[in-house]
There are 2 protein chains.
Amino acid sequence: MAQERPLPSVLGRMWGHEPVSRRGPRPRLDLATIIAAAIEIADAEGLAGVSMANVAARVGVATTALYRYIDSKEDLLTVMADSAAPLPPEPDGMPWRDYLALWTRTQRDLLLDRPWLLSIDTLIPPMGPRRLLWLDRALAALAGTGLDDGEKINVATALVGYALTDAALVQSVTGGDPRMEEAGISGAADYGEVLTGLLDPETYPSLSAAMRSGVMEGAVGWVGDDDFRFGLDLLLDGVEALIGRRALRDRSDGE
Amino acid sequence: MAQERPLPSVLGRMWGHEPVSRRGPRPRLDLATIIAAAIEIADAEGLAGVSMANVAARVGVATTALYRYIDSKEDLLTVMADSAAPLPPEPDGMPWRDYLALWTRTQRDLLLDRPWLLSIDTLIPPMGPRRLLWLDRALAALAGTGLDDGEKINVATALVGYALTDAALVQSVTGGDPRMEEAGISGAADYGEVLTGLLDPETYPSLSAAMRSGVMEGAVGWVGDDDFRFGLDLLLDGVEALIGRRALRDRSDGE
DNA sequence: GCCGTACTGTGTATGTAATTCATAGTTTCA
DNA sequence: TGAAACTATGAATTACATACACAGTACGGC
């Protein structure tokens, strides 16, 4: 019923609602082909390589032919971002905590594997079939925890957000960001060194002390697996605490 | 000593290392003036309005004159992102949890107030004087909690990350994102409606159930203050648990 | 006081991309 | 068989960022 809401063209096509046309020459392309080509280019050359001309060349049509399938480059990127996601891992009866940890890590690893996603994805509500599938699985994993739907969604949201920011951070520190490269920084140790030279201990007492004590040379440098787990556990511990509270409340409600 | 590392021009200028030049006409501009102009434009017209030509016109010079002060537009954006941040709130002896909550919220509100920051800022290690000041204050707030420097930094990182993703989400849902607007979605209720029409209950059992039960029409729609606090408390509960564990360990170490 | 030099701002020119539009060609339905 | 509906194309337009050569300016040594 609500189906009637007219979807904008790209979103519609994303969900397989291709326009049913009779007349005219058979289309030489479909959205999937275009997206696949665009993703291949992005994987190989980064987002910078994804120009309309480039994509068109790859699928063997003139640049402007693409505009029959998408309305703008923006749309292309949006659809790419959804299609680039693999299927979510299957729960297989895992405890919620294990599943959500895997769920989050897999998303982060995806972002590291396809760093161009980071340039498209600022966190927005998922609209594509793939991303929504991920969300669905997170909610499923939280079934039976006593959280309500809203809470489950918020938990999932916080976790994707973490995957996103952590990947962005790791990516920038390990040399992906031009802003870091320009500063001659590759790796946390460099960063610590630069900061040590830059920070006036009067103005930045705590930070400068931390840097001088060599935090960045040791275990903490944002990019280690420990660092990822640290934030993840912060969140999951929070979730666990919440679930505990809910259980308590529900028990006393039942009396 | 480490001061000697040659900073790239913009980064250096950000820290007040203006080049000491004798000869030649007195410069008509300085970096601060340019940044201020760029920020005014961004506040008024969004990032799209920030073209080199526009900024130059505003400060009353030819477009290409800007290149005497910055190397590229990218650099301009980077410096803008740092300068746009206000001074961090003062701790005033607040408990760490209260301070960090305020600290995070203030940053999120800044991002909502200047949405263009969201387009510049993917999470990267802070390099500018303002952002580093924020980091310093977070570390200071965690003094005496028993966390080590690395842990403190990781806590702060997780919190900024949360501020960033939450702001991005709110921003997109409340109409800031072209991708949402294009789908005719403004507000969580619209989102819920669209999804209800789109989702096949077989493929998306949990999510579709949640949508049909009207989550998005109720309290949860990502944009409410409750939703912000939800994720924030998740993190802070996690931090609290960690601090508790550290205290326990330290006590038994001391015996 | 004068002149060269180092440095500043200007105007022009170039290259890259996205996007619009009129056109020519291709199927299918009546 | 012809018209209608639709496809791909190429040329043209627009908006930028940026490189470069030039002209003017002020300081510092003589």
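Chain identifiers are assigned alphabetically (A, B, ...) following the order of the sequence lines, protein sequences preceding nucleic acid strands; residue numbering begins at 1 within each chain.
Residues passing the salt bridge (charged side-chain N to carboxylate O under 4.0 Å, His left out) test with D82(B): none are found, sequence neighbours excluded. In this structure A167(A) satisfies the side-chain contact (heavy atoms from CB on, under 4.5 Å) test together with R108(A), L111(A), L112(A), L118(A), sequence neighbours excluded. Partners of T203(A) by side-chain contact (heavy atoms from CB on, under 4.5 Å), not counting sequence neighbours, listed by chain and number: D200(A), L133(B). Here Y69(A) pairs with nothing under the ring pair (Phe, Tyr, Trp, His ring centres under 6.0 Å) rule; sequence neighbours left out.
Between the CG atom of N54(B) and the C1' atom of dA15(D) there is a distance of 12 Å, given to the nearest Å. What separates CE of M52(B) from P of dT14(C) is a distance of 21 Å, to the nearest Å. Between the P atom of dA18(C) and the CD1 atom of I70(A) lies a distance of 10 Å, rounded to the nearest Å. Atom CG in L31(B) sits about 14 Å away from atom P in dT8(C), given to the nearest Å. Atom OH in Y67(A) sits about 17 Å away from atom P in dA22(C), given to the nearest Å. Rounded to a whole Å, the CG atom of D75(A) is 13 Å from the C1' atom of dT19(C). Remark: P of dC16(D) and CD of E74(B) are 18 Å apart, rounded to the nearest angstrom.
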Distances under 3.5 Å between nitrogen or oxygen atoms of protein and nucleotides 6-10 of chain D:
residue: dA8(D); atom: OP1; partner: R28(A); partner atom: N; Å: 2.7
residue: dA8(D); atom: OP1; partner: Y69(A); partner atom: OH; Å: 3.2
residue: dA8(D); atom: OP2; partner: Y69(A); partner atom: OH; Å: 3.1
residue: dA8(D); atom: N7; partner: R68(A); partner atom: NE; Å: 3.4
residue: dA8(D); atom: N6; partner: R68(A); partner atom: NH2; Å: 3.3
residue: dT9(D); atom: OP2; partner: A62(A); partner atom: N; Å: 2.4
residue: dG10(D); atom: O6; partner: T64(A); partner atom: OG1; Å: 2.9

Please tabulate, for side-chain N and O atoms in residues 38-46 of chain A, each donor-acceptor pair with protein atoms closer than 3.5 Å (sequence neighbours left out).
residue: E40(A); atom: OE1; partner: R58(A); partner atom: NE; Å: 3.1
residue: E40(A); atom: OE1; partner: R58(A); partner atom: NH2; Å: 2.8
residue: D43(A); atom: OD1; partner: R114(A); partner atom: NE; Å: 3.0
residue: D43(A); atom: OD1; partner: W116(A); partner atom: NE1; Å: 2.8
residue: D43(A); atom: OD2; partner: R114(A); partner atom: NE; Å: 3.3
residue: D43(A); atom: OD2; partner: R114(A); partner atom: NH2; Å: 2.8

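Between R13(B) and D75(B) there is no salt bridge, since no side-chain nitrogen of the basic residue lies less than 4.0 Å from a carboxylate oxygen of the acidic one.
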